[in-house]
Amino acid sequence: MTTRGARARLIEVEDSFTAINELYHERGWTDGLPIIPPTEEAVARMLAGTSRAPDEVVAVLPPRQGEATVERIAINAVMAGCRPEYLPVVIAAVEAMADPDFNLDGVQATTHPVAPLVIVNGPIARELGINCGYNCYGQGTRANATIGRAIRLILMNIGGGLPGTGDRATQGSPAKYSYCVAENEDANPWEPLHVERGYSHDTSTVTVVGCEGPHNIQEHYSNTGEGILLTIAGAMGQAGSNNILRHGYPLLTLGPEHAATIAADGFSKADVKRFIFEHARYPIAKLSAEYAAELRPLNADGGDDMARICARAEDILVIVAGGSGKHSSWQPTFGAYTKPVTRVIQR
């Protein structure tokens with residue numbers, strides 16, 4: 001049975017963009033940037049983007065245990081600058097983050113700079129113009145910027161993840177403003193993420209991954225798949241990541257040029273994962289005695305005193321995104337404290 005929640009209350013504010021923004025800022029309802037005022041009319045237009053009832057409770061979000069109704073999600077989507085057609089993507093992302101496997105309570109409250117990355121697959125990514133090419137993790141595309149920003153506002157305003165209280169990140173990350181991307185399925189020589197996770201090509205999905213911002217991996221010199229993968233594995237096998245400390249599900253975002261070279265040399269996506277699993281390791285002896293004592297039990301079955309970034313090769317996520325250029329990136333995750341979750345986008 002669908003749970004129904006309370007409708008959002010109206011507040012009287014001076015009809016001025018500046019006055020509204022000052023009030024929202026004073027009350028801690030913004031991410032520090034100006035917002036679009038969520039008037040009754042604007043919220044009604046946003047709600048037209050979904051067939052779901054405004055009072056339907058999509059999820060309960062920690063640490064405040066706030067009820068994320070469709071209406072409250074729509075309010076934050078308005079504030080972020082979303083178009084109504086983006087709303088189903090935002091709702092699906094909220095559903096995914098609320099899955100116990102994602103561990104949103106831990107993601108919200110940790111000192112780690114983790115942020116939910118929203119990866120969109122399927123036809124809706126093209127329909128909405130979600131950037132999967134040049135600068136896909138950067139600025140310049142309304143869909144990416146506002147969908148990702150809506151997620152952050154929802155985590156703050158409904159979930160209570162406010163800096164210094166519900167959100168205890170030591171330093172945080174720019175990814176906490178907005179973190180949304182589409183996979184470049186046309187440039188992917190293998191099956192895209194959602195197909196790998198059991199969905200059809202023509203199903204639109206979001207996958208949320210609790211990770212850090214992108215760590216660039218430049219590889220302009222190797223002309224073989226193995227050479228590129230050696231550089232990538234070297235970058236991913238770094239000291240200090242939560243994946244070295246607690247394994248989990250690290251994410252590799254291959255640029256199309258790197259992916260094409262790797263695939264042309266006969267590597268399947270499973271081969272890429274196995275190669276990284278075998279080579280992305282760090283010598284435990286190079287760390288302090290205290291840190292080494294923490295890592296050795298986790299890697300005892302390896303027999304080589306090397307720290308791995310995950311427990312199994314299949315735990316590595318691989319997507320293809322970006323434009324031309326010999327760059328890839330990897331996103332260290334929150335370690336074993338979170339798992340990636342995929343949900344179907346419902347209109």
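These numbers come from the heavy atoms of this one structure, side chains and all, not from hydrogens, waters or symmetry mates. Note that the structure is predicted; figures quoted are calculated from it, not measured.
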Distance-only donor-acceptor check, side chains H112 and E212, under 3.5 Å: yes

Among L298, L295, I309, the one residue meeting side chain to side chain contact (heavy atoms under 4.5 Å, CB included) with L245: L295

Full working for side chain to side chain contact (heavy atoms under 4.5 Å, CB included) between T207 and E183: CA-CA 11 Å; T207 301; E183 183 165 16; over 6 Å; no

Donor-acceptor pair between E226 and T224 side chains, under 3.5 angstrom: no

Residues E71 and R7 bridged, charged N to O under 4.0 Å: yes

Side chains of V344 and Y199 in contact at under 4.5 Å (non-hydrogen atoms): yes

S324-Y134 side chain donor-acceptor pair, cut-off 3.5 Å: yes

R152 side chain vs K176 backbone, donor-acceptor pair below 3.5 Å: yes

Within-4.5 Å side-chain heavy-atom neighbours: M236 and H279: no

Interatomic spacing from CZ in F102 to NZ in K339 - rounded to 0.5 Å: 13.5 Å

Exceeds 12 heavy-atom contacts within 6.0 angstrom, atom NE2 of H25: no

Other residues, nucleotides, ligands: >12 heavy atoms within 6.0 Å of D301 CG: yes

Side chain to side chain, I319 and P192, heavy atoms closer than 4.5 Å: no

Other residues, nucleotides, ligands: >12 heavy atoms within 6.0 Å of Y177 OH: no

Option among R296, K286, R281 that satisfies the side chain to side chain donor-acceptor pair (under 3.5 Å) test with D305: R296

Residue pair R246, E294: steps toward the salt bridge (Lys or Arg N to Asp or Glu O under 4.0 Å) verdict: CA-CA 10 Å; R246 285 290 182 268; E294 187 74 20; 2.5 Å; yes

Distance-only donor-acceptor check, side chains N144 and N131, under 3.5 Å: no

CA sep, side-chain torsions, deciding dist, call: L254, K269, side chain to side chain contact (heavy atoms under 4.5 Å, CB included): CA-CA 11 Å; L254 285 170; K269 187 188 279 191; over 6 Å; no

Validation row: I73, E56 side chains within 4.5 angstrom (heavy atoms): no

Any side-chain heavy-atom pair of P256 and V320 under 4.5 Å: yes

Point-to-point distance, once rounded to the nearest 0.5 Å, from CD of Q139 to OG1 of T141: 8.5 Å

Non-hydrogen atoms of P116 and L155 that approach each other most closely: CG-CD1, 3.7 Å

Where L61 and A68 come nearest, the two heavy atoms and their spacing: CD1-CB, 3.9 Å

Heavy-atom side-chain contact between P37 and F17 under 4.5 Å: yes

Exercise: do T253 and Y137 side chains pair donor with acceptor under 3.5 Å: yes

L33 to D31 - nearest heavy-atom pair and separation: N-OD1, 3.0 Å

Distance in Å, I232 CD1 paired with L252 CG, rounded so as to fall on 0.5 Å steps: 5.0 Å

Between N243 and S241: side-chain donor-acceptor atoms closer than 3.5 Å: no

Ring centroid separation H258 to H327 under 6.0 Å: no

Residue R168 excluded, over 12 heavy atoms near CZ under 6.0 Å: no

